Amino acid sequence: MSIYLDERNPGKHAPFEDAAPDIVEYVRYLEVIAGKSANTAFSYYCDLRSFSRFMKRRRGLVATDAEFKEIDPKGLDTAFWGSITKEDIYEYLYFLNRECGNKKSSTARRLASLHGFYDYLVNQVNKLTENPTASIKPPKQDKVLPKYLTAEQSMDLLESTQYQSDFPERDYCMVVLFLNCGMRLSELVGMDLGDIDLEQRQIRLFGKGHKERMVYLNEACVEALQLYLAKRNTMEGLNPKEKAVFVTRRRKERISNRRVEQLVTGAMKAAGLKGFSTHKLRHTAATLMYQTGNVDILTLKQLLGHSSVGTTQIYTHLQEFQVRAAIEQNPLGTVTPEKARLDTTKRAAGENRGENNADSMDVEEAASPMEAFEGAANDGIRVDISSMTGRSEEHTSELQSPFYLVCRLLLEK
């Protein structure tokens, strides 16, 4: 992972000294005083070293053609940090987006590192009086729904770990815990034997910021743990003092984050699942519990170890089937129309216009003389005017009717 962190023992690592003195002091403050994890401190440390390189290039302290990663981040004092302006911060964010291709989430985290660093210099150690990052807000994040496995895909993955692994008891147990408890990768790797209480069916986990929480085990978890621990405790060459729950088969020591990711990725590939990461198993557990387990949002927050319910609320947008069910259960959802009244297809097609009033009057009564003529013309009827001229006087009034006059005028043309 890095030259600084030891995945198997993250509490012990090489000192963070390859940076400016103020940055090194800030990282020590994060770990010792603020109680941040080694991973968090390391992330902030890398972000600030990157900013140091950027500012050295921006201020012309290195050759213009120098490779960015080759720029020495050391050699910057407190006065230099005090000279940073808001424009410098904006240029850095632009650099991250355009040249580095950082996503909005990555840019926001790097800005948070700068926020924390300047807050430390201004408010904690009083080395500076102005904070150039104070009014700069992070980019608005895209609201992306977490990707997760369906119940059927989860079953395929569990089956894959039983047949595609050289240590099936361990790998199956890890996936079962991921899918049923929703624990983080670091929480699973950091589990010790003393954290498991099979009698009470619970596990003690240490999440982000050293926050402790209890996770209860269902029957599947208990059975998988019993099967694996029976195998683990009889492993030849395993140190009796080894307290890690999950260990490697060859070295007989705590398994690393990277190794777990490799094992899970291999099992997913064998099960035909693509585009999923180890962390997606945590999303899967949360989603399935919320959708099918009648779990309210506050209970899910506690189970997942979120510090804010806002983080947990992403899972409230996933239950599409519940939205469909709500629409189907609407009491007005079964009302059907009287199709005879609403079907206007024939009328729109220009058929017999008298049908509009067919319920109240006869068609012949409703049709005007001109409408009757139009109907006859449409049917190809021709009027014989010669037969009309030889009629007696008693038919004179009939020959003077509007219908007759219209016919005469048309034929004379």
Side-chain angles (χ1 to χ4, degrees), residues 1-56 67-76 78 81 84 89 92-93 95-96 100-121 124-125 133 138 141 183-192 205-212 244 246 253-262 264 277-279 282 305-307 311:
M1 177 178 177
S2 75
I3 62 174
Y4 301 99
L5 296 183
D6 181 0
E7 286 186 320
R8 298 178 179 83
N9 196 350
K12 298 180 180 180
H13 54 73
F16 299 143
E17 295 180 348
D18 188 23
D22 288 323
I23 294 178
V24 174
E25 293 174 7
Y26 172 58
V27 174
R28 291 173 181 169
Y29 162 81
L30 289 177
E31 284 195 287
V32 179
I33 307 301
K36 300 296 184 181
S37 68
N39 283 327
T40 299
F42 176 68
S43 296
Y44 278 38
Y45 182 70
C46 292
D47 294 342
L48 294 173
R49 291 171 75 240
S50 174
F51 182 68
S52 300
R53 292 189 174 103
F54 172 81
M55 287 307 304
K56 274 195 167 185
E67 288 289 336
F68 186 79
K69 292 185 178 181
E70 299 299 325
I71 298 175
D72 186 0
K74 301 190 297 294
L76 303 177
T78 304
W81 302 120
I84 302 296
I89 305 297
Y92 177 59
L93 299 180
F95 163 77
L96 293 175
C100 300
N102 282 186
K103 296 180 179 179
K104 293 179 180 179
S105 56
S106 299
T107 302
R109 194 203 70 188
R110 293 176 185 271
L111 178 60
S113 300
L114 290 173
H115 275 305
F117 178 55
Y118 274 98
D119 179 75
Y120 165 78
L121 293 176
Q124 302 301 325
V125 294
T133 70
Q141 301 296 305
M183 58 181 63
R184 300 180 177 92
L185 174 61
S186 59
E187 293 170 347
L188 180 134
V189 171
M191 283 172 48
D192 293 334
L205 298 178
F206 292 91
K208 290 184 177 180
H210 303 288
K211 294 178 182 177
E212 178 182 329
F246 294 105
E253 60 185 9
R254 186 184 299 273
I255 198 169
S256 68
N257 290 13
R258 181 56 184 155
R259 182 56 181 156
V260 174
E261 290 176 332
Q262 291 174 341
V264 173
S277 64
T278 303
H279 194 67
R282 174 173 162 87
H306 288 159
S307 58
T311 307

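Not measured: the values here are computed from a predicted model.
To the nearest 0.5 Å, atom NZ of residue K69 and atom CZ of residue R49 are 11.5 Å apart. With rounding to the nearest 0.5 angstrom, the OH atom of Y45 is 8.0 Å from the CD1 atom of I23. With values rounded to the nearest 0.5 angstrom, Q124 atom CD is found 13.0 Å from F117 atom CZ. Here the CE atom belonging to M183 is positioned 5.5 Å from the CG atom belonging to L188, to the nearest 0.5 angstrom. The distance from the SG atom of C46 to the CG atom of D18 is 10.0 Å, given to the nearest 0.5 Å. Atom CZ of R53 is separated from atom CD of E70 by 8.0 Å, given to the nearest 0.5 angstrom.
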ring-ring contact (aromatic ring centres under 6.0 Å, His included) evaluation trace for F95 with F68: CA-CA 12 Å; F95 163 77; F68 186 79; 5.1 Å; yes
Run I84 and F51 through side chain to side chain contact (heavy atoms under 4.5 Å, CB included) and show every step you take. CA-CA 11 Å; I84 302 296; F51 182 68; 4.0 Å; yes
Working note: R254 + V189, criterion side chain to side chain contact (heavy atoms under 4.5 Å, CB included); need CA distance, chi angles, decisive distance, verdict. CA-CA 7 Å; R254 186 184 299 273; V189 171; 4.2 Å; yes
Does the side chain to side chain contact (heavy atoms under 4.5 Å, CB included) test come out yes or no for F54 and I71, once each step is laid out? CA-CA 9 Å; F54 172 81; I71 298 175; over 6 Å; no
Where do V125 and Y120 land on the side chain to side chain contact (heavy atoms under 4.5 Å, CB included) test, with the steps shown first? CA-CA 6 Å; V125 294; Y120 165 78; 3.5 Å; yes
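Side chain of H115 to backbone of T133: a donor-acceptor contact under 3.5 angstrom is found. When atom types are taken as modelled, the side chain of K56 and the backbone of K74 share a donor-acceptor pair closer than 3.5 angstrom. Panel note: side chain Y118, backbone W81; a donor-acceptor pair is recorded below 3.5 Å. The backbone N or O of L111 lies less than 3.5 Å from no partner atom in the side chain of Y92, so there is not a single donor-acceptor pair.
With no hydrogens or angles considered, no side-chain donor-acceptor pair links N102 and T107 at under 3.5 Å.
For D47, the salt bridge (charged side-chain N to carboxylate O under 4.0 Å, His left out) partners are R109, R110, not counting sequence neighbours.
Annotation for Y26 and S113: closest pair OH-O, 4.3 Å, computed over non-hydrogen atoms. When all heavy atoms of P73 and S52 are compared, the closest pair comes out as O-CB, 3.7 Å. Closest heavy-atom contact between A19 and V24: O-CG2, 3.9 Å.
Looking at E25 and R28, no side-chain N of the basic residue comes within less than 4.0 Å of a carboxylate O on the acidic one, giving no salt bridge.
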